[in-house]
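Below is one structure, written out as structure tokens; the observations come after it.
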Amino acid sequence: MKNIKTIKTIKTIIFATLFGVAGSANIFAAETKSAKISHYGLPPENLVIANLENLPEVLAAKQDLEAAKQQAKQLRYGEYEFEVGYTVTKNRSRTTPSERSKDYETALSRTFRFPGKYFADKKIGNSLVEYAQIAYGDALHESARLFLNLWFSWQRDYAAVDALQKQVNLYEQQYQHFQKRHKIGDVANIEVIQTQSALKQAQALLFQAQTKFNSTNEILRHKFPNIKATPINNQNNNNNNNDNNQLSFFQQNLQNEQFWIDEYLKHSHEFLLSKAAVKVAQNQADRASLERLPDPTFGITYGHESNAADRVVSFSVSIPIPGRTRFAAHKEAIANAKSAEFTANATEQNIKAMAKNTFYNAKQSQNLWQIALSAEQAAQKASQMQKRAYQLGEGTLNELLNSQRLALDTILQSRTNQFDAMENYYRLLVDTHKLWISQHENHAEHNHHAEAEHKKIEIQENLE
């Protein structure tokens, strides 16, 4: 009895160990996906998904999926069809030309697949549909990446225009102020010229920034006309607490490195496509092996001879004699299958490297954002102190302009680092299927979890 209880206890511990880690990972994923703050700075999720699903490249992939389903039906039905023939023969005797007769013959024949070939064709069809489903998901995924890049490019360009416009306004005020003071002899002409030069330089930078922003805005508007881009509400300099809160949240969610890398590998469409291609090639190789034995053709013939005096019924069976072409086709299919396996192995290595790189980029960009925030605060404080010193006559105009340029650079750099950090973080969410999941992707995820649950039950039954 004690041994039985001990065995049951061990089984329970093993079962808990097997699925405890998976359960905690699922809880972490659910928390990451459900957290409202994780979508900070993004348009409404349902609006983005609706626009992604209506992109031409996604609609094309959807039609490819429908074509694959129809191709699978063709493979199940087979290419063989019934053949019907009707023959009329007129006969005239040379010895007695007046005697004539007609012979009639009706034939029905069809080639039949061996049962093994039917099931092999069915497997090929299913694997083609699976490949097309993954390709459709990949089209959605690549479109999500595109939108994410355009969205934060727009944010970066808008922030640059906004900051430079404020700088131009400041220089214009200073230039007008120094012009008035120069007229009354309060400042030297060199200071007016220096202010004018700084104004022209800022105007040139603003023009470049506006040109870049207009280009990005046009691409975003053309590609996603139903999504109106709006700036993220943290552009002014008094929202450092909000920036720190967002940064802290992103950093906390990026603590578990292995979890994110595993999630990336599990949801990588490129890797899944390579595995699906292997399955298709292997199924085609199995089918080519069966094709070395040709399918038989059965026929039945019914006819009348001698003006219907005689009736003839015959049955026929014919089988092609296999030649070298069939064996060469089988070897070709085997080579294609091996090639697909090597390609999948290479893809897996690349995806593992990409998974780590994507995670490290997200992690590192958070650190850069944190450094940029500190630099921005220090530069702003230094600029304010330099302005006060100049007003008290303790500094020069060049020192004031230099401090203002430094403050401008650090503000722009801070905004750029912020949007880089947000883009890299959301890119990780997109690549791990935790952001902008369409109904198609949800269905695929449901099937995946159902299969995992089925395996879990099987393992539990085996333990018992």
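Below, all heavy atoms of this structure are taken into account, side chains as well, without hydrogens, waters or symmetry copies. Source: prediction; values computed, not measured.
Residues Ile49 and Ile437 come closest through the heavy atom pair CD1-O, 3.3 Å. Nearest heavy-atom pair across Leu128 and Ala68 is O-CB, 3.9 Å. Listed here is the closest heavy atom pair of Ala135 and Ala61: O-CB, 4.3 Å. Across every non-hydrogen atom of Gln366 and Phe250, the tightest pair is OE1-CB, 3.3 Å. For the pair Asn283 and Lys123, the tightest heavy-atom approach, listed with the atom from each and the gap, is ND2-O, 3.4 Å. For Thr347 against Phe271, the heavy-atom pair with the smallest separation is CG2-CA, 4.0 Å.
Note: Phe112 and Phe82 have perpendicular aromatic rings, judged against thresholds of 30 and 60 degrees for the angle between ring planes. Taking the six-membered ring where tryptophan is involved, the planes of Phe152 and Phe419 are tilted, since the angle between them lies from 30° to 60°.
Ion pairing of Asp121 with Arg76 is absent here, as no side-chain N (NZ or NE/NH1/NH2) approaches a carboxylate O to less than 4.0 Å.
The side chain to side chain donor-acceptor pair (under 3.5 Å) check on Gln70 picks up Glu66, with sequence neighbours excluded.
Using a 4.5 Å cut-off on side-chain heavy atoms (C-beta onward), Tyr80 and Asp295 make contact. When side chains are defined from C-beta on, Asn253 counts as touching Tyr425, because their heavy atoms get closer than 4.5 Å. Using a 4.5 Å cut-off on side-chain heavy atoms (C-beta onward), Tyr302 and Val312 make no contact. Residues Thr297 and Ile319 are not in side-chain contact: their nearest non-hydrogen atoms beyond the backbone lie 4.5 Å or more apart. Residues Ser289 and His330 have side chains in contact (heavy-atom distance under 4.5 Å, counting atoms from C-beta outward). Between Tyr40 and Ile232 the shortest side-chain heavy-atom distance falls below 4.5 Å. The shortest distance between side-chain heavy atoms of Leu368 and Asp420 does not fall below 4.5 Å. Side-chain contact check for Trp436 versus Leu148: some heavy-atom pair is nearer than 4.5 Å.
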#### Entry: Derivation and outcome, side-chain contact (heavy atoms from CB on, under 4.5 Å), residues Glu263 and His433
CA-CA 8 Å; Glu263 287 293 296; His433 287 203; over 6 Å; no
### Steps toward side-chain contact (heavy atoms from CB on, under 4.5 Å) verdict (Asp103, Val88)
CA-CA 6 Å; Asp103 298 334; Val88 178; over 6 Å; no
### Task
Any chance you could lay out the side-chain contact (heavy atoms from CB on, under 4.5 Å) test for Phe315 and Val313, step after step, and finish with the verdict?
CA-CA 7 Å; Phe315 298 92; Val313 178; 4.2 Å; yes
### Task
Kindly determine whether His141 and His267 satisfy side-chain contact (heavy atoms from CB on, under 4.5 Å), including the steps that lead there.
CA-CA 10 Å; His141 181 225; His267 297 291; over 6 Å; no
### Task
List the steps, then state whether side chain to side chain donor-acceptor pair (under 3.5 Å) holds for Glu341 with Gln282.
CA-CA 9 Å; Glu341 288 181 2; Gln282 288 176 342; 2.8 Å; yes
### Task
Please report the C-alpha distance between Glu423 and Asn149 in whole Å, then the side-chain angles of each, then the deciding distance to 0.1 Å, and finally whether the side chain to side chain donor-acceptor pair (under 3.5 Å) criterion is met.
CA-CA 7 Å; Glu423 180 180 358; Asn149 178 262; 3.3 Å; yes
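In this structure, Lys279 NZ and Asn126 CG are separated by 9.0 Å, a value rounded to the nearest 0.5 Å. A distance of 8.5 Å separates NZ of Lys275 from CD1 of Ile134, quoted to the nearest 0.5 Å. To the nearest 0.5 Å, the span separating CD on Glu257 from NZ on Lys356 amounts to 7.5 Å. The distance from the CD1 atom of Ile371 to the OG atom of Ser414 is 11.5 Å, given to the nearest 0.5 Å. Considering CG of Asp157 and OG1 of Thr416, their distance stands at 9.0 Å, rounded to 0.5 Å. For the atom pair Arg326 CZ and Glu291 CD, the distance stands at 5.0 Å (nearest 0.5 Å).
The side-chain tip of Arg113 does not point at the ring of Tyr118 from less than 6.0 angstrom away and within 45° of straight on.
The backbone N or O of Gln251 sits less than 3.5 Å from a side-chain atom of Gln255, completing a donor-acceptor pair. Here the side chain of Gln155 pairs a donor or acceptor atom with the backbone of Thr230 at under 3.5 angstrom. Lys223 places no side-chain N or O within donor-acceptor distance of the main-chain N or O of Phe147, the cut-off being under 3.5 Å. A donor-acceptor pair under 3.5 Å is absent between the side-chain atoms of Ser339 and the main chain of Ala335, judged by distance alone. Of the possible polar contacts, none joining the Asn357 side chain to the Ala353 backbone as a donor-acceptor pair under 3.5 Å is found. Judged by distance alone, with hydrogens and angles left aside, the side-chain atoms of Arg415 form no donor-acceptor pair with the main-chain N or O of Ala160 at under 3.5 Å. Ser215 contributes no side-chain N or O that, together with a main-chain N or O of Lys212, makes up a donor-acceptor pair within less than 3.5 Å. For Ser268 (side chain) and Tyr264 (main-chain N/O), no donor-acceptor pair under 3.5 Å exists by modelled atom type.
Residues Tyr158 and Trp154 place their aromatic rings such that the two centres sit under 6.0 Å apart. In this structure, the ring of Phe224 has its center no less than 6.0 angstrom from the ring center of Trp151.
More than 12 non-hydrogen atoms from other residues, nucleotides or ligands lie less than 6.0 angstrom from OH of Tyr86. More than 12 heavy atoms of other residues, nucleotides or ligands sit less than 6.0 Å from atom NZ of Lys117. Shown here is Phe207, whose CZ atom has no more than 12 heavy atoms of other residues, nucleotides or ligands within 6.0 Å.
When only modelled atom types and interatomic distance are considered, Asp262 and Gln258 share a side-chain donor-acceptor pair under 3.5 Å. If you check the side chains of Gln413 and Asn417, you find a donor sitting under 3.5 Å from an acceptor.
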